[in-house]
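Notes follow the structure.
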Amino acid sequence: MIPAGSLLVAEGLRKTFGSTTALDDASFSVHPGEVVAVMGPSGSGKSTLLHCLAGIVRPDAGSVTYAGREITGLSDTERSALRRSDFGFVFQFGQLVPELSCVENVALPLRLGGVKRKEAERTAREWLERLEVGDTARKRPGDISGGQGQRVAVARALVASPKVVFADEPTGALDTLNGERVMSLLTDTARRQNTAVVLVTHETRVAAYSDREIIVRDGRTRDPERVA
Ligand SMILES: Nc1ncnc2c1ncn2[C@@H]1O[C@H](COP(=O)(O)OP(=O)(O)OP(=O)(O)O)[C@@H](O)[C@H]1O
């Protein structure tokens, strides 16, 4: 049964890569503004689930419904337009464009949405300040620390007020202190602007920032709160 008021819902997802079954009847749902952690052992299917939910990977079977609209049937162009307008992304590594300054990186989602350069960069600067990395504005990603880079990436993921942020091991490359700061900045800001967060992690410390956890094991999902 689909929980009432869900923003993003997946049912019966199945995905194979050659002879490997990555997802095998996986389900998922998230409400607006809710932070859900997707946990489970390495290779259990967490990233594949995230990619299906975000419309990056098309499942072999099952459905993904976003804001009442089935997205599994959309064309590649329609799915990329949806990702640009409604979703934000934070990954573990290499997500910032190395040739652009940090302020240009954060301004990018706004520029792609048609906002003029000056306006986009002004908003991007505010976001860098909010994420406590205002001093990186003119620097390139290669000239800042990993912790600063993740804060810039979080600013970029949130700048266009997305409805959902997908974060795949966002603190995987950071030390504990930086990881905790990135997580609290991400989840506090998302909750404040009613952005849902789908957070893939294998660390309980990181999952503690979520409102709810689901477990993926051998491509199947389990919601511990819904098991009797
Ligand atoms: N593009 C791909 N091509 C082939 N096999 C893949 C591909 N993507 C995932 N797999 C396989 O699917 C299974 C699930 O992978 P997935 O990356 O979703 O797991 P995960 O839980 O995110 O793992 P980790 O925690 O190690 O990142 C694994 O056996 C993986 O090797």
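Read the numbers this way: they start at 1 and go in the same order the structure lists the ligands and their atoms.
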Ignoring hydrogens and geometry beyond distance, is a side-chain donor-acceptor pair present between [X] and [Y] at under 3.5 Å?
| X | Y | value |
| --- | --- | --- |
| Thr195 | Gln193 | yes |
| Ser101 | Glu104 | yes |
| Asn178 | Thr171 | no |
| Thr123 | Glu126 | no |

- Task: For ligand 1, note which part of Thr20 has a heavy atom under 4.0 Å away: side chain, backbone, both or neither.
- Result: side chain
- Message: Is atom 18 (O) of ligand 1 touching the protein, meaning some protein heavy atom lies under 4.0 Å away?
- Response: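 It does; a protein heavy atom is within 4.0 Å.
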- Item | atom 30 (C) of ligand 1 protein-contacted (non-hydrogen atom, under 4.0 angstrom) | no
- Going by the angle between their ring planes, with limits at 30° and 60°, are Phe87 and Phe166 parallel, tilted or perpendicular? perpendicular
- Task: Considering only non-hydrogen protein atoms, determine which one is nearest to atom 9 (C) of ligand 1 and report residue, atom name and distance to 0.1 Å.
- Result: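 For atom 9 (C) of ligand 1, the nearest protein heavy atom comes out as Phe17 CE1, 3.5 Å.
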- Where is the nearest protein heavy atom to atom 12 (O) of ligand 1: which residue, which atom, and how far?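 So the nearest neighbour among protein heavy atoms is Ala22 CB, 3.4 Å.
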- Mark yes or no for whether Gln95, through its side chain, and Phe91, through its backbone, hold a donor-acceptor pair below 3.5 Å. yes
Are any of the N/O atoms in [X] less than 3.5 Å from those in ligand 1?
| X | result |
| --- | --- |
| Glu169 | no |
| His202 | no |
| Gly45 | yes |

